[in-house]
Structure formats: structure tokens, C-alpha cells
Amino acid sequence: MAEIATRDEQLGVRSEELFVNMGPQHPSTHGVLRVLTRLDGEKVLEAEADIGYLHRCFEKIAEKRKLFQVIPYTDRTDYLAAITNELVFVMAVEKLLEIEVPPRAQYIRFIMSELQRIASHLLWFGTFAMDLGATTAFLYAWRERERLLDIFEAVTGARMLYNYLRIGGVRNDVFDGFEATVEKYLRDFEKRLKEYHDLVTGNRIFEVRTQGVGVVTAEEAIAYGASGPVLRASGVKYDVRKADPYLVYDKYDFEVPTGQNGDCYDRYIVRMKEMEESVKLVRHGLADMPAGDVMGKVPRRIKLEGDTYARIESPRGEVACYLVGDGSDQAYRLSWRSPCFVHLQLLNIMARGGLVADLIASIGSIDIVMGEVDR
């Protein structure tokens with residue numbers, strides 16, 4: 001039986017593939033990411049992520065510094081969620097040395113981690129919307145994030161790179177009136193969150209640009225080791241805060257939002273719902289935060305011996321630190337698990353068969369921070 005001619009063949013059109021470099025300096029790549037795209041017209045046949053333009057040698061630097069000197073370097077991996085990166089490192093050291101952290105310090109870490117999740121998701125919401133052409137959403141999100149960074153600055157002295165957590169606790173207590181200030185922010189933020197939904201969530205253009213775009217099945221997400229909102233958007237209800245509780249997460253009940261389709265839209269919805277859950281968790285922490293010290297008893301000279309593994313649920317997924325000590329005051333080996341690095345491997349799956357514009361949406365939806373990818 002003769003093959004039926006395609007429409008292009010009927011019209012005498014010859015299709016040619018085109019290789020296009022997107023990045024490494026492109027506003028839609030969210031950092032110095034180079035994507036090698038193979039196109040057939042506007043259709044993406046293949047999208048290969050090429051990293052290495054921001055390599056900061058974090059793991060080797062950490063092996064050449066005393067343990068307390070490593071904390072500022074953790075800030076600079078995922079610089080949009082610095083507190084959570086500090087947390088996983090100090091947790092690894094405390095676990096190996098069996099250091100007890102005072103309850104007040106645990107609650108401060110807990111509250112700051114969830115506020116950090118909100119701050120990170122706000123920036124993601126704004127930039128993702130702007131990638132798709134919604135400039136107003138970016139300005140709104142930036143406004144709320146700036147108010148939240150004011151609180152971080154009042155507590156830590158910095159707005160993005162904090163160097164606030166310490167092995168055994170936190171550097172200093174929160175300021176007087178911290179609880180009232182945060183509660184006022186949360187009340188205002190809940191109203192703003194409704195505005196975000198009114199502006200973006202039901203927008204027909206936004207739905208067309210995100211629904212059915214960048215689909216990752218549950219099987220693919222699990223096979224690639226995805227975590228965080230990327231995994232949960234594919235329908236897998238897994239959260240480190242539930243699966244392996246740390247700090248005081250086991251004391252509180254909270255929802256783990258999930259999607260069904262594993263597309264850009266579901267990844268959006270999951271993060272928006274996560275911000276609502278973070279508001280609830282922060283309120284629980286404020287209500288139950290005890291008085292007391294913010295630093296536990298730590299040896300004057302820390303000597304690491306043995307190995308340990310600590311993990312937390314960052315805004316982008318599971319961040320983990322594998323630490324090996326040889327009896328000195330420095331890490332013999334430090335290995336960092338970055339969810340951004342893992343999720344970037346899914347880009348080709350998301351992009352194949354879509355349009356170039358869909359590729360932009362897919363990159364934005366996985367919420368990568370290149371400092372963590374290229375650690």
C-alpha cells in the first residue's frame with residue numbers, strides 16, 4: 001500500500017531542522033543556562049541543558065574551610081532560599097556530633113524556613129508570570145516579597161544571604177515585636193494571595209500557555225529523582241517534612257498539595273497552595289514558640305568523625321547534605337543534593353513536541369536557581 005503523502009509533501013515544502021542556542025545569557029533561562037534546542041520550525045524536537053557557566057566549586061571549598069566558615073557558602077547555592085540551605089548543613093553537623101538544639105532555636109528555624117518558602121515562591125510566581133507576559137503579577141509579587149525581606153533584615157541583618165543559623169542554634173534571637181510584625185504581614189499577604197488568583201489563575205491566556213504544557217508523568221518524575229512541587233504536581237504526595245520530619249514539623253498537621261497532570265499549570269497551583277499552608281505553619285510556630293536560649297552547648301573546637309546524611313524540604317524540593325569527617329575540624333567530604341540539578345534533567349521530556357514558547361514556560365515552571373544547579 002502506498003504511503004499517504006504528508007501535507008508538507010503535498011505542498012512541496014521541505015522541512016529542515018535548525019539548531020538554536022538559547023542562552024547562556026537569556027532572561028528566560030533564569031540564570032546562566034544554555035539550552036541547545038533542535039527545532040523543526042517552531043516545534044522543539046530536542047532540548048539539551050548545558051551547564052558549567054556558573055560553577056562555584058562549593059563542595060570543594062566546603063572541604064577546605066572550618067565548619068562554621070561553610071555556612072555563608074551554603075547561602076550562595078540556592079540564594080533565593082538561603083535559610084533552608086544553612087539549615088540542612090547545620091543539621092548534618094549537629095546530627096553527627098549529637099548536639100541538642102534548644103526548643104526556641106528550633107521554632108525560630110521553623111518559622112524562618114516557612115517564611116523563606118513564601119519569599120521564594122513569591123519570586124517564582126512573579127518571574128513565571130512575567131515569562132508568559134504578565135508584568136503586573138511580577139510587580140505585585142515583588143511588593144510582597146520586599147516586605148518579607150524587611151522582616152528577614154530585621155532578624156538577621158541581611159536581605160538575601162543571611163549567615164544566620166549556627167551549629168547548635170541561631171546567631172541571635174528575634175527582635176521585640178517579631179510575632180506581631182509577622183502576623184500583620186500574614187494577614188495582609190492572605191488578601192494579596194487572593195488578588196494573585198484573581199489576576200492570573202483564571203486568566204484564559206495563562207491557562208492556554210500552561211495547561212497540557214511541559215507534562216511529566218509520575219513515573220518519569222520518580223525515575224529521575226524529582227522532588228518538591230515538580231514531583232507533587234505529577235500526583236506523587238511526597239514531602240520530606242512529612243516523610244522524614246525535622247525541626248517541629250511532626251507537631252503540626254498540614255496539607256501536601258498535589259496535582260494530577262504534571263504540567264506547568266499544576267506546578268503553578270501546587271506552589272500557590274504551598275504558600276497558603278506555609279502561612280498556617282508560621283502561625284502555629286508563632287503561637288507555640290517558647291522562651292529560652294537560642295544556642296545549645298557546642299564544643300569550643302568541633303571535630304568531625306564518621307559520616308551522616310541530612311535532608312530538608314526546600315522551596316524547590318529535597319536538599320540534602322552528605323558529610324564525612326576524619327577527626328579534624330573540617331569536612332573530609334561534603335556532597336550536596338540539589339533538586340534544581342535533578343529537575344533540569346527533565347527539561348528535554350517537558351520540551352519535546354512543544355513550541356519554543358512552551359519551552360520558556362517549562363523552564364520557568366521547574367523553578368531552577370543556577371547557583372544550586374552549578375554548585
Side-chain angles (χ1 to χ4, degrees), residues 54-113 116 152 155-158 160-174 240 244-248 292-314 318-341 369 371-375:
L54 189 69
H55 186 48
R56 55 189 59 209
C57 205
F58 163 68
E59 292 167 334
K60 285 303 168 189
I61 289 174
E63 292 167 8
K64 301 299 181 183
R65 299 290 186 274
K66 297 185 188 302
L67 292 166
F68 66 88
Q69 293 176 317
V70 176
I71 297 170
Y73 289 96
T74 65
D75 285 332
R76 289 157 176 80
T77 49
D78 179 358
Y79 38 78
L80 299 181
I83 286 290
T84 54
N85 287 274
E86 293 180 18
L87 177 61
V88 70
F89 174 73
V90 297
M91 279 175 53
V93 178
E94 289 159 0
K95 188 176 178 181
L96 194 55
L97 297 178
E98 299 181 348
I99 293 173
E100 187 174 346
V101 179
R104 183 173 179 82
Q106 294 274 34
Y107 270 89
I108 291 174
R109 289 179 175 186
F110 171 73
I111 293 168
M112 296 294 278
S113 294
Q116 184 79 91
F152 276 98
V155 174
T156 70
M160 278 186 68
L161 308 174
Y162 308 109
N163 190 21
Y164 177 60
L165 270 55
R166 292 290 181 269
I167 298 167
V170 295
R171 186 183 66 217
N172 55 267
D173 207 338
V174 295
V240 177
D244 187 13
Y246 55 98
L247 297 179
V248 293
D293 296 329
V294 296
M295 271 297 294
K297 294 182 179 179
V298 182
R300 289 181 66 88
R301 185 174 182 187
I302 297 174
K303 294 183 179 181
L304 278 183
E305 192 160 3
D307 66 317
T308 189
Y309 185 83
R311 58 180 182 157
I312 55 101
E313 183 74 29
S314 87
E318 183 176 330
V319 176
C321 177
Y322 177 63
L323 198 59
V324 180
D326 61 357
S328 70
D329 57 359
Q330 298 176 347
Y332 175 72
R333 285 288 181 270
L334 184 146
S335 182
W336 201 259
R337 185 199 190 274
S338 158
C340 293
F341 178 80
V369 172
E372 189 178 85
V373 172
D374 231 357
R375 66 202 180 283

Tell me if a side-chain donor or acceptor on Asn172 pairs with a main-chain N or O of Thr156 at a distance below 3.5 Å.
no

**Asked** Are side-chain heavy atoms of Leu80 and Gln116 found at a separation under 4.5 Å?
**Response** no

Output for pair (Leu247 CG, Tyr107 OH), nearest 0.5 Å, gives 10.5 Å

Is there a side-chain contact between Leu165 and Thr74 (heavy atoms, below 4.5 Å)? no

Applied to residues 326-337, the salt bridge (Lys or Arg N to Asp or Glu O under 4.0 Å) test, sequence neighbours excluded, yields Glu63-Arg333, Lys66-Asp329, Arg301-Asp329

Checklist entry - So, the side chain of Tyr164 versus the backbone of Gly157: is there a donor-acceptor pair under 3.5 Å, distance only? => result no

All heavy atoms of Thr308 vs all of Ala92, minimum pair found to be CG2-O, 3.2 Å

Short N-O contact, Lys297 and Glu100, less than 4.0 angstrom
no

- Report yes if some heavy atom in the side chain of Tyr332 is under 4.5 Å from a heavy atom in the side chain of Leu304; otherwise report no. no

Are Glu372 and Pro339 packed together at the side-chain level, in the sense that at least one heavy-atom pair is separated by less than 4.5 angstrom?
yes

With a 4.5 Å cut-off on side-chain heavy atoms, are Glu313 and Tyr246 touching? yes

Query - Close side-chain approach of Thr84 to Val319, heavy-atom, < 4.5 Å - result: no

Taken to the nearest 0.5 Å, the spacing of Ile108 CD1 from Met112 CE works out to 8.5 Å

dist Thr77:OG1 -> Asn85:CG (nearest 0.5 Å) comes out at 3.5 Å

Distance col, row Met91:CE vs Leu323:CG, nearest 0.5 angstrom, shows 12.5 Å

Applied to residues 70-94, the salt bridge (Lys or Arg N to Asp or Glu O under 4.0 Å) test, sequence neighbours excluded, yields Asp78-Arg316, Glu94-Arg109

Nearest heavy-atom contact between Arg171 and Val155 is NH2-O, 4.4 Å

Scanning both residues in full, the closest heavy-atom pair of Val373 with Ser338 reads N-OG, 4.0 Å

Across all chains, not counting sequence neighbours, the salt bridge (Lys or Arg N to Asp or Glu O under 4.0 Å) partners of Glu318 are Arg311

In terms of heavy-atom contacts, Val101 and Gly169 come closest through CG1-CA, 4.1 Å

Distance col, row Tyr73:OH vs Leu334:CG, nearest 0.5 angstrom, shows 13.0 Å

**Request:** Spell out, as yes or no, whether a donor-acceptor pair under 3.5 Å connects the side chain of Glu59 to the backbone of Arg375.
**Result:** no

message: Quick check: do Arg104 and Asp173 have side-chain heavy atoms less than 4.5 Å from each other?
response: yes

Could you tell me whether the side chain of Leu67 reaches within less than 4.5 Å of the side chain of Phe89, counting heavy atoms only? yes

Scanning both residues in full, the closest heavy-atom pair of Ile167 with Met295 reads O-CE, 3.5 Å

Look at the aromatic rings of Trp336 and Phe58 and report parallel, tilted or perpendicular, splitting at 30° and 60°. perpendicular

Here the pair of heavy atoms bringing Tyr309 nearest to Lys95 is O-NZ, 2.8 Å

The reported gap from CG in Leu97 to CD in Glu305 (rounded to nearest 0.5 angstrom) is 10.5 Å

